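Predicted model only: the values in this text are computed from it and were never measured. A, B, ... follow the sequence lines: proteins, then strands. Residue 1 opens every chain.
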2 protein chains.
Amino acid sequence: MKIGIIQQHNTSDIKDNKERLASKIAKLAKDGAELIVLQELHNSLYFCQVEDVDNFDLAEPIPGPSTEFYGRIAKENGIVLVTSLFEKRAAGLYHNTAVVFENDGSIAGKYRKMHIPDDPGYYEKFYFTPGDLGFHPIDTSVGRLGVLVCWDQWYPEAARLMALQGAEILIYPTAIGYDPNDTEDEQQRQRTAWQTVMRGHAVANGLPVVAVNRVGLESIQNSKSKIQNYDYQEDAKAQQTIGNQKPPLGGGLVGTPCIPFWGTSFVCGPQGEILYQSPEDKEDVYIVDVDMKRCEQVRRWWPFLRDRRIDNYGGITKRFID
Amino acid sequence: MKIGIIQQHNTSDIKDNKERLASKIAKLAKDGAELIVLQELHNSLYFCQVEDVDNFDLAEPIPGPSTEFYGRIAKENGIVLVTSLFEKRAAGLYHNTAVVFENDGSIAGKYRKMHIPDDPGYYEKFYFTPGDLGFHPIDTSVGRLGVLVCWDQWYPEAARLMALQGAEILIYPTAIGYDPNDTEDEQQRQRTAWQTVMRGHAVANGLPVVAVNRVGLESIQNSKSKIQNYDYQEDAKAQQTIGNQKPPLGGGLVGTPCIPFWGTSFVCGPQGEILYQSPEDKEDVYIVDVDMKRCEQVRRWWPFLRDRRIDNYGGITKRFID
């Protein structure tokens, strides 16, 4: 299966963000992609850096303007498309929702992010009600997709539940970056941990994993637009105008909230082997060819599903066993 | 916490295997180790390469001669010791059992391997009844130890259940090696996957992981003994006398059953970061100093336990959801 990934640097210019995604999708489709995966909340800046009620204006109903926009793109390009939207379900009720489009433009299914983080700079519990649709893969013409979102990626339970329902691949639209206050060592440890835990899900379930992350420094004040080829080094220089060479993170800290997203989108095979990895500091548009037949072979070698001790897993549904 | 690991090449000379372990334990203790972890089934050759009823002679009751032997060693050296024994529970009823000794020589607890593999060359379902003690950590003077065994290492459920019961570290005595019929690429992919899935457990649970593996080529006919410093290259040459430069694997295949165990014992921190890794082709005796206080800090940064969707994890206890 030919999987296209788009790792983009976003600005406050939503129209431009979407147009750039549209042209990249068209390019990937022309080059043979059958499935295309976008990063988390790809329409706008990552607004969860601050708690601001005005940001609820960014939310849309599903179906709504964005599903119409991306549905049309999926149809025009004849591809299955995984998007990540800010869903307005009712006044005062919002979700972080992945919507998957079939190649005829219809909605194949949606997944509402189940695990919601809340860290300095990632105030998602303020914006998103935890998903109430459960963990269920979405059937499409290219296969059964185990679509999860960002914070879900740290939870083996989510990956396993997708695998047990026949998901053929795990897909994570993501928004994660460095804390600029951390040492370089700590930053790299975190980025590696993030990738390692998902590669672990690949191994434990004998499934490929696709993770697509944002890239570049995003500040709520950063309205630099029309960036075709984002360059982290150049932008870092530009950011000095904000007044911090090493910008502080998060709305709760001093200075301008901004996060340097670490890119590193990747695709790995069912043994956790990296098939492709995007740069950490540049936009990227790439097609990865995943051998879906290999997964069954790997599961024959390593038949983990055969030996699960389901008679002893009941404690998993407890908060803590004390 | 200072953790000693012993990666050993075993031969058919059980007395010699045990004496070598005893002297290495004494050395580690003298050098300051508080906890020492041995590889899986460290007394003998890895007899599960073939299905042979005579091998049940290797099993012992618990308590029995081996627990007396290792209990005395734990007491003499004042260390907590994780061993891995072939337990005879009754005639015709055997387990693969990890026994943990307190530093006064008493048995702190035991864990009967819950997930039992069965692959060519690893005919464990023939020998071991799956454990019936469940997944429970063992309390010792150096902390609450999440002791699991080998095949368990591929199961996120086992690691999670230990973490939910307050385990402070995950420990895996292991016996795993290459299939000599595989390509070099495939061999490395498997070895990396094995390490990756355990590093993933570390990340998902915010816990350090210790995995101790056997090393070197073991053939049931291989009675080379008194090896103090095992060298894989030298042994590979010696093995040519068996008649295969690249020996076939497993009892079901032609030739002499033998497995080149891949060593690579390792200790990683709560972000999956490798703190130490043994060579893949040599014996190793090493002390790793693990900062146990760091684990709580990592869990404060990444509070995964806070956000688990236990209301939606029920499906984990199903064989498959179809």
Q.
Checking B:Gln271 against A:Glu186 for the side chain to side chain contact (heavy atoms under 4.5 Å, CB included) test, could you report, in this order, the C-alpha distance in whole Å, the side-chain angles of both residues, the deciding distance, and whether it holds?
A. CA-CA 10 Å; B:Gln271 292 167 300; A:Glu186 182 54 40; 2.8 Å; yes
Q: Select all residues of residues 193-202 of chain B having any heavy atom within less than 4.5 Å of some heavy atom of chain A, and report them by number, or 'none'.
A: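 B:Ala193, B:Thr196, B:Val197, B:Arg199, B:Gly200, listed by number.
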**Q.** Proximity of residues 164-175 of chain B to chain A, residues having a non-hydrogen atom under 4.5 angstrom
**A.** B:Leu164, B:Gln165, B:Gly166
(Q) Please identify, among B:Arg306, B:Glu273, B:Lys125, the residue contributing the most non-hydrogen atom pairs under 4.5 Å to chain A. (A) B:Arg306
Q) Which one, B:Pro156, B:Gly314, B:Gly134, B:Gly272, leads in non-hydrogen pairs under 4.5 Å with chain A? A) B:Pro156
Q: Quick one: closest heavy-atom pair of A:Leu161 and B:Asn312, and the distance?
A: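 Closest approach of A:Leu161 to B:Asn312, heavy atoms only: CD1-O, 3.4 Å.
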Q) Who among A:Asp311, A:Asp152, A:Asp322, A:Ile316 has the most heavy-atom pairs with chain B under 4.5 Å? A)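 Among the listed options, the one with the most contacts to chain B is A:Ile316.
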Q. Side chain of A:Arg309, backbone of B:Glu157: donor and acceptor closer than 3.5 Å?
A. no
Q. B:Arg308 side chain to A:Tyr155 main-chain N or O, any donor-acceptor pair under 3.5 Å?
A. no
(Q) Please determine whether the number of non-hydrogen atoms from other residues, nucleotides or ligands lying under 6.0 Å from atom CZ of A:Arg300 exceeds 12. (A) no
(Q) I'd like to know whether CD of A:Glu51 has more than 12 heavy-atom contacts from other residues, nucleotides or ligands below 6.0 angstrom. (A) yes
Answer with side chain, backbone, both or neither: which region of [X] has an atom nearer than 4.5 Å to a non-hydrogen atom of chain A?
| X | answer |
| --- | --- |
| B:Asp118 | both |
| B:Lys318 | backbone |
| B:Ile116 | backbone |
| B:Thr192 | side chain |
| B:Asp119 | side chain |

Q: Return the orientation label for the A:Trp154 and B:Trp302 ring planes: parallel under 30°, perpendicular over 60°, tilted otherwise.
A: tilted
**Q.** Reported CZ-to-CD1 distance for the pair B:Phe135 and A:Ile321, which is rounded to 0.5 angstrom
**A.**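 The CZ atom of B:Phe135 sits 11.0 Å away from the CD1 atom of A:Ile321.
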Q: Quick one: pull up NE2 in B:His115 and CG in A:Asp307 and give me the separation to the nearest 0.5 Å.
A: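 Between B:His115 NE2 and A:Asp307 CG, I get 7.5 Å after rounding to 0.5 Å.
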